[in-house]
Amino acid sequence: EADVLSAARNLSERYMSYTPHIDALTQMATLIFDTMKKVHGLGRRERLLLQVAAILHDCGKFISMSAPGECAYQIIMSTEILGISHMEREMVACIVRYNTMELPNFSEFDGKLGNDEYLIVMKLAAILRVCNALDRSHRQKFADMKLTIKDSNIVITTAYPDNITLEKKTLQDKQDFFEEVYGLGFEIKQKKKKQ
């Protein structure tokens with residue numbers, strides 16, 4: 001696993017991805033993944049694929065700011081990542097692509113993934129999309145976040161002392177896909193500064 005993550009980081013650095021943002025996204029994605037184990041039913045290998053997707057999610061911006069998802073897909077598919085199979089690489093590339101683009105229905109999908117792989121891509125892309133919203137400003141405002149699942153919401157608690165309006169709004173705009181996939185919404189609580 002360490003070799004796979006190292007290979008992904010090297011590829012990410014080659015395309016000038018912003019490291020603090022990548023690190024924050026990877027940390028948030030694994031925290032959400034781990035908190036939701038009973039909900040998504042995925043295992044350790046899928047967790048690794050999510051981490052790789054988080055590390056590589058921004059590499060397409062090196063080529064095009066208007067179509068970063070598509071460019072990232074092409075970069076990932078044209079580069080061997082030691083330690084993951086061709087199908088897993090296809091899954092990672094799709095997770096990254098559909099982080100920013102709408103995921104088509106399985107019947108309209110281009111057919112490189114089977115039904116099981118498509119479901120995994122859908123579940124992991126939903127997590128990545130939410131994490132990207134939580135670090136919209138690239139200032140790691142949710143680096144210390146704590147998560148709990150309460151009723152039909154994931155409650156995110158942060159001690160970040162300043163304004164998180166941008167992240168709240170971006171999350172609100174991006175959480176529909178997550179709700180569709182998992183049936184869970186989000187609630188953000190910000191701990192107040194002690195005087």
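Any value given below was found using the heavy atoms of this structure, including those in side chains, with hydrogens, waters and symmetry copies removed.
- Linking Ile, Leu, Val, Met, Phe, Trp and Tyr residues whenever their side-chain heavy atoms come within less than 4.5 Å places I154 and I188 in a single cluster.
- With contacts defined as side-chain heavy-atom distances shorter than 4.5 Å, the pair D58/Y15 does not qualify.
- For the pair M28/L147, no side-chain contact is recorded, criterion being any heavy-atom separation below 4.5 Å from C-beta on.
- Checking N105 against S107 by side-chain atom types alone, no donor-acceptor pair falls below 3.5 Å.
- For the side chain to side chain contact (heavy atoms under 4.5 Å, CB included) with L48, the lone residue among V92, L5, T30 that qualifies is L5.
- The distance from the OG atom of S6 to the CD1 atom of I81 is 11.5 Å, given to the nearest 0.5 Å.
- Counting only heavy atoms from C-beta outward, the side chains of E167 and D135 never approach each other to under 4.5 Å.
- Considering only heavy atoms from C-beta on, I156 comes within 4.5 Å of L134 through its side chain.
- To the nearest 0.5 Å, atom CD1 of residue I120 and atom SG of residue C94 are 12.0 Å apart.
- One hydrophobic cluster, built from ILVMFWY side chains closer than 4.5 Å, holds both M122 and L50.
- Under the 4.0 Å criterion applied to side-chain N and carboxylate O atoms, D34 and R47 are assigned as salt-bridge partners.
- Between Y118 and L103 the shortest side-chain heavy-atom distance falls below 4.5 Å.
- Side-chain contact between I76 and E90 is absent, with no heavy atoms from C-beta onward closer than 4.5 Å.
- The existence of a salt bridge linking K123 and E46 is excluded, since no basic side-chain nitrogen approaches an acidic carboxylate oxygen closer than 4.0 Å.
- Ring geometry for F178 against F186 counts as tilted: the plane angle lies between 30° and 60°, on a 0 to 90° scale.
- In this structure, Y98 has its ring center at least 6.0 angstrom away from the ring center of F177.
- Within 6.0 Å of the CZ atom in R139, the count of heavy atoms belonging to other residues, nucleotides or ligands does not exceed 12.
- With rounding to the nearest 0.5 Å, the separation of CD in E88 from CD in E117 is 9.5 Å.
- Rounding to the nearest 0.5 Å places CD1 of I127 at 12.0 Å from CG of N99.
- Side-chain contact check for H21 versus N132: some heavy-atom pair is nearer than 4.5 Å.
- Hydrophobic clustering (ILVMFWY, side-chain heavy atoms < 4.5 Å, transitive): I63 and Y73 are in distinct clusters.
- Look at E1 and R44 and you find a salt bridge, because one of the NZ, NE, NH1 or NH2 atoms lies within 4.0 Å of a carboxylate O, short of that distance.
- A heavy-atom distance below 4.5 Å is not found between the side chains of K141 and R136.
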